[in-house]
Amino acid sequence: MTLAQAASSPSGLQDGDTEDPRRRAILIEARRHFMAQGFASTRIEPIAREASVSTATLYTFFSSKADLFQAVIDDTSDEFARQMDEVRALDGPARCQLTRFSEAYVGFMADPLVTSVFRLVLAERTRFQEMALHFYERGKARIGVTLVEAIEALCERGELVCDKPSWAAGQLMGMLEHPVFFVPMVTGDSTTVQRSHTQIAADAVQTFLARYGGPNLDPAAPDLD
């Protein structure tokens, strides 16, 4: 399932799973309304109408607008985490593994759906501070696990040297996030990133390897096909 498909299936269910189709329809419409209008301006009645259910039916699934908003964010967070769970470091030299992860992560963080959801959560952080913190920390932890595991394995092989793989992972992810996520988030997309996603990933990996490269690192290792 792609992120584009996730936008029309916020429940995040996989093939074979079951869910009341009315609940799914409500979540689809609720996500669209919350993203377009924010929490305060979103009304329950149009969501129910466009989901082809009554307002009473909507309230049987979600006790309040806040409950519905929480469900939309939770489902979206689950879907994002599953997307990055699919990015597994391939066996190969350090540069190959780190480049593959970096390119996938840059593409993920630059996806308009990801940006839209983060903006929505940030906009409502004073109203739902605990939700916003949970959304960010949970996503960061799930996504970072793959990279930390790869770094630990590369350290065992002597291709990397670092005392705290989690810190090193955070540094690499930070170099990737800044140009494609945080800058557009702050500037409102008014700043155009000059480097391609491939170049951003390559530059970050090169800087990372210059800092953490070990005695067994092959500096000329090509990327994997």
Side-chain angles (χ1 to χ4, degrees), residues 1-7 77 79-119 122 136-225:
M1 180 184 292
T2 66
L3 286 173
Q5 290 169 324
S77 178
E79 182 58 40
F80 289 170
R82 277 190 290 272
Q83 292 292 319
M84 287 309 296
D85 280 347
E86 296 177 3
V87 179
R88 291 289 179 259
L90 301 177
D91 188 22
R95 186 181 299 276
C96 300
Q97 294 193 38
L98 296 173
T99 297
R100 285 299 174 85
F101 174 89
S102 297
E103 290 178 348
Y105 189 57
V106 166
F108 172 79
M109 294 304 291
D111 190 284
L113 178 59
V114 175
T115 304
S116 295
V117 172
F118 268 96
R119 281 181 173 150
L122 288 173
Y136 179 79
E137 294 296 339
R138 181 173 178 275
K140 192 87 168 180
R142 285 279 298 272
I143 291 170
V145 165
T146 297
L147 181 57
V148 170
E149 290 176 349
I151 291 174
E152 289 173 343
L154 291 168
C155 286
E156 292 178 1
R157 285 160 40 177
E159 294 187 61
L160 299 178
V161 176
C162 63
D163 295 330
K164 296 187 176 181
S166 60
W167 287 16
Q171 290 167 357
L172 178 57
M173 293 170 73
M175 287 189 285
L176 300 168
E177 292 165 358
H178 183 266
V180 299
F181 181 75
F182 287 111
V183 170
M185 187 71 68
V186 170
T187 62
D189 299 320
S190 61
T191 300
T192 302
V193 179
Q194 299 299 316
R195 293 179 296 164
S196 67
H197 290 178
T198 300
Q199 190 60 55
I200 289 170
D203 290 345
V205 170
Q206 182 63 32
T207 301
F208 184 85
L209 292 178
R211 169 65 179 84
Y212 291 109
N216 295 334
L217 176 68
D218 180 359
D223 191 10
L224 297 174
D225 293 329

Inset, instruction - Kindly compute the distance separating CG (L172) from CZ (F101), expressed to the nearest 0.5 Å. - result: 7.0 Å
Legend entry - Straight-line distance of E152 CD to C162 SG, nearest 0.5 Å: 8.5 Å
Legend entry - Contacts of R157 that satisfy salt bridge (Lys or Arg N to Asp or Glu O under 4.0 Å) - sequence neighbours left out: D91, E159
Legend entry - Spatial distance of atom CD (Q171) from atom CG (L176) [nearest 0.5 Å]: 12.0 Å
Inset, instruction - Could you pull out the closest heavy-atom pair between L209 and A94, with the gap in Å? - result: CD2-CB, 4.3 Å
Legend entry - Non-hydrogen atoms of F208 and A168 that approach each other most closely: CE1-O, 3.2 Å
Legend entry - Approximate separation, where rounding is to 0.5 Å, of I200 CD1 and E177 CD: 12.0 Å
Legend entry - Euclidean distance, T99 OG1 relative to Q206 CD, rounded to 0.5 Å: 9.5 Å
Legend entry - Pairs flagged by salt bridge (Lys or Arg N to Asp or Glu O under 4.0 Å) wherever residues 160-170 is involved - sequence neighbours left out: none
Inset, instruction - Start with the C-alpha gap between L154 and L217, add the side-chain angles, then the distance that decides, and say whether side-chain contact (heavy atoms from CB on, under 4.5 Å) holds. - result: CA-CA 9 Å; L154 291 168; L217 176 68; over 6 Å; no
Inset, instruction - Give a yes or no on whether a salt bridge exists between R95 and D218, defined as a side-chain N under 4.0 angstrom from a carboxylate O. - result: no
Inset, instruction - Please round to the nearest 0.5 Å and tell me the distance separating atom CG of L98 and atom CD1 of I151. - result: 6.5 Å
